[in-house]
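For reference, the structure is listed below as structure tokens.
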Amino acid sequence: MYPTVAEVLALPVLRHGRPHVVAGAAGLDRRVRWVHVAEVIDIAHLLKGGELVLTTGVALPDDEAELGKYLDSLAAVGVAGLVVELVRHWSDALPAGLTEAADRCGLPLVTLSRETRYVAVTETVNGLIVDAQVDELREAERVHQTFTALTVSGAEPEVVLREVARMTDQPVVLETLSHEVLAYDTAGTDPGELLAGWPRRSAQVQLGERTGYHPGAGWLVTVVGARGHDWGRLVIVCAEPPRDRHVVVAERAASALALHRLVAKDTDSLERQAHRAVLAELLATPVPAAELVVRAAALAVPLTGRQLIGAAIRPVLTGVTEPALSRATVLRELAEAAAVATRRARVSALVAVVGDTSVRALLSLSPQAKPDAVLERLAAEVHQARGVAPSIVAVGSTVDSAADARRSLTEAGHVADSVPAAEGSTSGFHRLEDVRLRGLLHLLADDERVTAFASRELGALLAKDSATGNRLLQALRFYCAHGGNKSAAAAAAHMSRTAYYQQLARVEQVLGVPLEDPESMLSLYVALLAHDIHTTRP
């Protein structure tokens, strides 16, 4: 908003006086807040700092020591510079006392060799400053209107950051107080360069105020939070000290982000959204881009030089749970509980709801870690979490590269969907080898040939139950589940042997096959598994 001393000296109204910098050239980039004409020597106590002082020197003494004190007093209050006209008092050069003091203080000392209308200088420079201030106020009003509109419309953080990048033309990052990147906008720069080593770099930037500029890092930082609960920082990356308008942009954006978090109670947290974006891309992309690895590292989850394990956590929703809470709410609460569980188990992990059936996680373990011990601890934390639905914890194979993370995540999802609710909601964790035939059938559940096989094997029995209200299919299920042991099946069905045997006889009559034949029982058991998977899939 304010011109520098060098910019003021370049104006035609001063160029007419043939300005010459005789000392303090290092301070030519000082900002000029105002132009002030002063002839008396004891003027410093009347100044506020930032003034460019103009004088003819007629009231200044010739004593070298006094002139040095005069310039020291101007420097002490922070004036931008001193301009002396070499016409009325000194005609050839300034006394050494002035020039030496100016060099010592780094205060620009300028001479004018021609008579200059100082009133024209003050009118011109002060007019420019006032015009700039008015423009700044107008711009601040536009910033206020823009972010007010974004707040009222409930704009997502990505939209807010996009507007910050547009207004400042600088990259912007939203991070947690633990320095994990939640969202960012590169403003056209390289995202890998922006996010490289972010948690470590950010931890080194500490300010003692809510909004401030760190010249070493080149960051404008403002704290994000509301009602005394701070939860993040907004960082605008700018090599030069920011303009006042950019500070306003940062603070208004922080307010919009804080308010969005307060009102967005029915959506995932910003941390979960950031994790979901990375997990979704890992699942969708066979070969992850280098930027994705950098984004994961910025979330404090390194994907290189680590043991990576995909996990899927599926809630077991019962008739009691379902009416009280929607599936989306259950999944959201389970994701937050799983994130807490990973922190308690001291595991770096991406955790988020991906899809509408389960919470996905990608665990990043050190090369020295023992995966089974970590998984047992993590599963125990999930199962013991309070206030969340019972769940099934499934894991994929351990891999050692981001390129293989997709396979492990996909495998975990298949396992989670294959484990029966009654078997998995209270135990530790499950792998692919635990689900065996059921897992294979789950992978083939969408194959029309499998569906046709199940319909062909069980169709007559399903039709009979539907027409008569019998429970022949259930009787068959108990028989297959107990390996053809009729007595055990009758006990599991809570029926007398006589009544149960009669049901089995009707099953054989309807299907036209002998149940004691091993191949018949195997075919019917496979058909039952395929039927159950197909009918229970969300």
Side-chain angles (χ1 to χ4, degrees), residues 1-21 24-39 43-44 46-56 74-75 77-85 106-112 114-150 163-170 172 187 211-213 215 218 220 222 236 238-253 255:
M1 180 169 60
Y2 298 116
T4 64
V5 173
E7 290 169 343
V8 171
L9 296 179
L11 293 173
V13 69
L14 269 170
R15 295 295 300 170
H16 170 77
R18 296 177 183 174
H20 177 61
V21 181
L28 288 174
D29 59 350
R30 293 188 178 193
R31 296 288 174 179
V32 178
R33 187 184 59 81
W34 202 249
V35 175
H36 190 74
V37 180
E39 298 293 353
I43 188 65
L46 299 175
L47 303 177
K48 298 171 61 177
E51 295 91 351
L52 180 64
V53 178
L54 309 180
T55 182
T56 63
L74 295 180
V77 297
V79 300
L82 175 64
V83 178
V84 183
E85 187 184 80
L107 181 70
L109 179 59
V110 183
T111 60
L112 301 175
R114 295 174 61 179
E115 186 177 47
T116 304
R117 296 181 62 197
Y118 280 173
V119 65
V121 176
T122 57
E123 286 179 348
T124 300
V125 179
N126 292 343
L128 289 174
I129 293 172
V130 170
D131 289 344
Q133 289 174 332
V134 172
D135 289 342
E136 196 77 9
L137 288 172
R138 289 173 178 165
E139 190 61 35
E141 179 61 23
R142 282 194 289 271
V143 170
H144 174 75
Q145 292 175 350
T146 298
F147 284 104
T148 297
L150 290 174
E163 194 62 34
V164 173
R166 185 189 69 80
M167 287 184 166
T168 63
D169 198 28
Q170 302 289 347
V172 58
T211 302
Y213 180 68
L220 171 62
T222 186
I236 299 177
C238 46
E240 299 294 328
R243 298 170 55 188
D244 290 345
R245 182 172 64 85
H246 291 177
V247 176
V248 174
V249 169
E251 292 178 338
R252 290 292 288 115
S255 297

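Along the sequence shown, the residues carry numbers beginning at 1.
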Checklist entry - Below 4.5 Å, heavy atoms only, C-beta onward: do Val79 and Trp34 meet side chain to side chain? => result no
Checklist entry - Can you tell me how far CZ of Arg142 sits from CZ of Arg245, rounded to the nearest 0.5 angstrom? => result 8.0 Å
Next on the checklist: Among residues at least two apart in sequence or on other chains, which ones pass side-chain hydrogen bond (donor to acceptor under 3.5 Å, both in side chains) with Thr168?
Outcome noted: none
When the side chains of residues 11-21 are checked against the rest of the protein, which donor-acceptor pairs come out under 3.5 Å, sequence neighbours left out?
none

Item to check | Atom CZ of Arg114: over 12 foreign heavy atoms under 6.0 Å | outcome: yes
Item to check | By side-chain contact (heavy atoms from CB on, under 4.5 Å) - contacts of Arg166 (at least two apart) | outcome: Glu163
Next on the checklist: Give me the atom names and distance for the closest heavy-atom approach of Pro3 to Ile129.
Outcome noted: CD-CG1, 3.8 Å
Next on the checklist: Could you go through His36 and Ile43, starting from their C-alpha distance and side-chain angles, then the distance that decides it, and tell me whether this counts as side chain to side chain contact (heavy atoms under 4.5 Å, CB included)?
Outcome noted: CA-CA 10 Å; His36 190 74; Ile43 188 65; 4.2 Å; yes
Checklist outcome for this item: Sorted by chain and residue number, the side-chain contact (heavy atoms from CB on, under 4.5 Å) partners of Ala250 (sequence neighbours excluded) come out as Leu220, Thr222, Ile236
Checklist entry - Do Arg30 and Leu107 come within less than 4.5 Å of each other through their side chains, counting heavy atoms only? => result yes
Item to check | Check: Val247 main-chain N/O paired with Tyr213 side-chain donor or acceptor under 3.5 Å | outcome: no
Checklist entry - Should Gln145 and Thr148 count as side-chain neighbours, where that means a heavy-atom distance under 4.5 Å? => result no
Checklist outcome for this item: Between Tyr118 and Val83 the two heavy atoms that sit nearest each other are OH-O, 3.9 Å
Checklist outcome for this item: Heavy atoms of Val143 and Arg252 approach each other most closely as CG1-CG, 4.2 Å
Checklist entry - Who pairs with Glu39 by side-chain contact (heavy atoms from CB on, under 4.5 Å), at least two apart in sequence or on another chain? => result Thr55, Thr56, Val58, Ala59
Item to check | Any donor-acceptor N/O pair, Arg33 side chain to Tyr2 backbone, under 3.5 Å | outcome: no
Item to check | From Glu85 atom CD to Thr111 atom OG1, the distance as rounded to the nearest 0.5 Å | outcome: 10.5 Å
Item to check | Pairwise distance CZ(Phe147) to CE(Met167) - rounded to 0.5 angstrom | outcome: 5.0 Å
Item to check | Distance (rounded to the nearest 0.5 Å) between Leu52 CG and Leu9 CG | outcome: 7.0 Å
Next on the checklist: Please give me the minimum heavy-atom distance between Gly106 and Pro108, naming the atom from each residue.
Outcome noted: O-CD, 3.6 Å
Item to check | side chain to side chain contact (heavy atoms under 4.5 Å, CB included) evaluation trace for Leu54 with Leu112 | outcome: CA-CA 10 Å; Leu54 309 180; Leu112 301 175; over 6 Å; no
Next on the checklist: As an exercise, state the distance from CG of Asp29 to CD of Glu7, rounded to the nearest 0.5 Å.
Outcome noted: 10.0 Å
Item to check | Point-to-point distance, once rounded to the nearest 0.5 Å, from CD of Glu240 to CD of Gln170 | outcome: 9.5 Å
Checklist entry - Listed by chain and number, what are the side-chain contact (heavy atoms from CB on, under 4.5 Å) partners of Ala6, not counting sequence neighbours? => result Thr4, Leu28
Checklist entry - Val35 and side-chain contact (heavy atoms from CB on, under 4.5 Å): which partner among Leu128, Thr122, Thr124? => result Thr122
Next on the checklist: Under the criterion side chain to side chain contact (heavy atoms under 4.5 Å, CB included), I'd like the reasoning laid out for Val37 against Val119: C-alpha separation, chi angles, the key distance, then a yes or no.
Outcome noted: CA-CA 8 Å; Val37 180; Val119 65; over 6 Å; no
